[in-house]
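This report refers to the structure that appears directly beneath it.
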There are 2 protein chains.
Amino acid sequence: MLRFYVIKQVGARTLTQANQWQLDPLLAVSPQLRRILRARIICHDLKPAGSISETDLGKMYNVSRQPVREALITLVNEGLVEIRPQRGTFVKRIDLESVLNGRFVREAVEADIVAKVAKRPSATLMADLRAQLKAQRLCKKGSANHFIELDEHFHHTLADAAGMHKVWDFLESTKLQMDRVRFITFEEFPTQTLIQQHEVIVDCIESASPARAQTAMRKHLREILAVLPEVLARYPDYFDNVEAMQS
Amino acid sequence: MLRFYVIKQVGARTLTQANQWQLDPLLAVSPQLRRILRARIICHDLKPAGSISETDLGKMYNVSRQPVREALITLVNEGLVEIRPQRGTFVKRIDLESVLNGRFVREAVEADIVAKVAKRPSATLMADLRAQLKAQRLCKKGSANHFIELDEHFHHTLADAAGMHKVWDFLESTKLQMDRVRFITFEEFPTQTLIQQHEVIVDCIESASPARAQTAMRKHLREILAVLPEVLARYPDYFDNVEAMQS
DNA sequence: ATCTACATACTTGTATGGCAGTGCGCAAGT
DNA sequence: ACTTGCGCACTGCCATACAAGTATGTAGAT
């Protein structure tokens, strides 16, 4: 049976919105459910390989099965849920190959982004980035979810600076996979290391060194590979396709 | 009012499947509708900014509103459709910024892919690529849709060779945007130029030159930028966000 | 002539019922 | 003890009905 306990903040992109886990009766149900269920899956409140039936979820939120179903279908497209017809609906395990390939995509794209930005760094951008670094350093070690939000904002800023406002949307499905991993480590993330890498990246941008900025960004985005084996060993049941770890 | 005329082949990924525009009563309706409607939008059988009501589509295919609705929701997530509650459902215009940003993403990713492949080219891969080039050269000038299929297969092969089987899935939404543009030009695509670029890429891979392969791939994927202005001038009503053409 | 109010014909959103496929347990036969 | 067959509870899929918001055209009042 599904359990339901309230956590105020979850995920990076949706941190700023309040009432993450409650339905606002004034708004349409289906999009709200999509966000709620996505958040619950990412933070493993809904366990990988767990079964979630349309009926149960409908009862839980006091809505009919239809909006639940529509929400689940979108989650299928995002690779978070698997619907086996006439059999059941299940939370997908974290597909390791998707995580690795998604990371590859993100590295390629963000490397090009930071290179483009470093070609002609603007003064206002540099001021913004420096301020963000300051805020990241001030972020307390315990509040990992707050840091995730700042990190997300940092990378998003770079994409915007490159004039690629829509790129972040394209990368959303890849980030989802990585976020599921990131949420396991969560509190013990090497915050200091990541901030230092951010600083290196900003330095490279400021000195207008596209090539160096690119390598710095690539190194930064490979950091998740370091924690992966440990996470995988600790939560083997959460993962799928583990044999694809040769890359 | 919506019109419905049968075209056997549309889109690149789905070319091999027969009966693209007919419903198979044995399979589930909703996924079939998703593919059909997506194909009809990409090839502009359903015109940009045109209205498509759930009821009409349901009558057209002799199914109820529900599966139609589910298909449309997935198309919303793919950026092909816009649902305005209580107002109507419309085919989205081709968002120029999404096209450009999607192309940027694809260039970044495929550049890294081809570089990785060129580091250690295998003999069997080279044989495969050479055979594909041969098939491309044999492709008649008229059958542009067949060439699109071959082109798609070519790029997919490289991704697989890099061990990135899931990357293509991540790129699907970006490709959708580009395909809508590509389908306008369609018959007059510079097939010979593209094949020559493919040959250059394969040569670079064979000589194990990652850097040169990367630049060749980048040049290849910038080809669409050349035709964009003309297409845009000829079908201005199909496009949106045209002022973003400074990039 | 102009503006307002309302009836009406749309649209999408949600709820509900029936259908068909699936898996599991239990019971009967081997 | 093992296998086989049936029944039942469960699932998601689809059709239908109802609800609620929106645009539009028209009749009436000003």
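In the text below, chain A, chain B and the rest are named by the order of the sequence lines, each starting its count at 1. Reckoned from all heavy atoms, side chains included, excluding hydrogens, waters and symmetry mates. Keep in mind that what you see is a predicted model, and the values were worked out from it rather than measured.
In this structure, His156(A) and Trp168(A) have perpendicular ring planes: the angle between them is above 60°, well past the 30° mark.
Taking atom CD of Glu82(B) as the reference point, atom P of dT11(C) lies 17 Å away to the nearest angstrom. Between Glu54(B) atom CD and dG21(D) atom P there is a gap of 17 Å when expressed in whole angstrom units. Residue Tyr61(B) contributes atom OH, which lies 15 Å from atom P of dC14(D) at whole-angstrom precision. Atom-to-atom, CG of Asp56(A) to P of dA9(D) comes out at 17 Å; the value is rounded to the nearest Å.
To the nearest 0.5 Å, atom CG of residue Leu228(B) and atom CD1 of residue Ile94(B) are 9.0 Å apart. To the nearest 0.5 Å, atoms CZ (Arg40(A)) and CD1 (Ile52(A)) are separated by 9.0 Å.
Using a 4.0 Å cut-off on heavy atoms, none of the residues of residues 71-78 of chain B approach DNA chain D.
Listed by first and then second residue, the salt bridge (Lys or Arg N to Asp or Glu O under 4.0 Å) pairs involving residues 21-34 of chain B amount to none (not counting sequence neighbours).
Arg87(B) pairs by the side-chain contact (heavy atoms from CB on, under 4.5 Å) definition with Arg84(B), not counting sequence neighbours.
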Problem set entry | side-chain hydrogen bond (donor to acceptor under 3.5 Å, both in side chains) between Gln132(B) and Asp128(B), intermediate numbers included | CA-CA 6 Å; Gln132(B) 287 190 32; Asp128(B) 185 2; 3.2 Å; yes

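For the pair Arg182(A) and Glu152(A), the salt-bridge criterion is met [side-chain N within less than 4.0 Å of a carboxylate O]. We find that Arg65(B) and Glu54(B) are joined by a salt bridge, their nearest charged nitrogen and carboxylate oxygen being less than 4.0 Å apart. Under the 4.0 Å criterion applied to side-chain N and carboxylate O atoms, Glu82(B) and Arg93(B) are not assigned as salt-bridge partners.
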List, with names and distances, any nitrogen or oxygen atoms from the protein found under 3.5 Å away from nitrogen or oxygen atoms belonging to nucleotides 14-18 of chain C.
| residue | atom | partner | partner atom | Å |
| --- | --- | --- | --- | --- |
| dT14(C) | OP1 | Val29(A) | N | 2.4 |
| dA15(C) | OP2 | Ser64(A) | N | 2.6 |
| dA15(C) | OP2 | Ser64(A) | OG | 2.9 |
| dT16(C) | O4 | Gln66(A) | OE1 | 3.1 |
| dG17(C) | O6 | Arg65(A) | NH2 | 2.4 |
| dG18(C) | O6 | Arg65(A) | NH2 | 3.4 |

Identify all pairs in which a protein N or O lies below 3.5 Å from an N or O of nucleotides 22-25 of chain C, and state each distance.
| residue | atom | partner | partner atom | Å |
| --- | --- | --- | --- | --- |
| dG23(C) | OP1 | Arg87(A) | NH1 | 3.2 |

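Residues Phe183(A) and Asn145(A) fail the side-chain proximity criterion, which asks for heavy atoms closer than 4.5 Å.
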Without placing hydrogens or testing angles, list every side-chain donor-acceptor pair under 3.5 Å for residues 159-166 of chain A, not counting sequence neighbours.
| residue | atom | partner | partner atom | Å |
| --- | --- | --- | --- | --- |
| Asp160(A) | OD1 | His165(A) | ND1 | 3.0 |
| Lys166(A) | NZ | Asp95(B) | OD2 | 2.6 |

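For Thr89(B) and dT12(C), the shortest distance from a side-chain N or O to OP1 or OP2 is below 4.0 Å.
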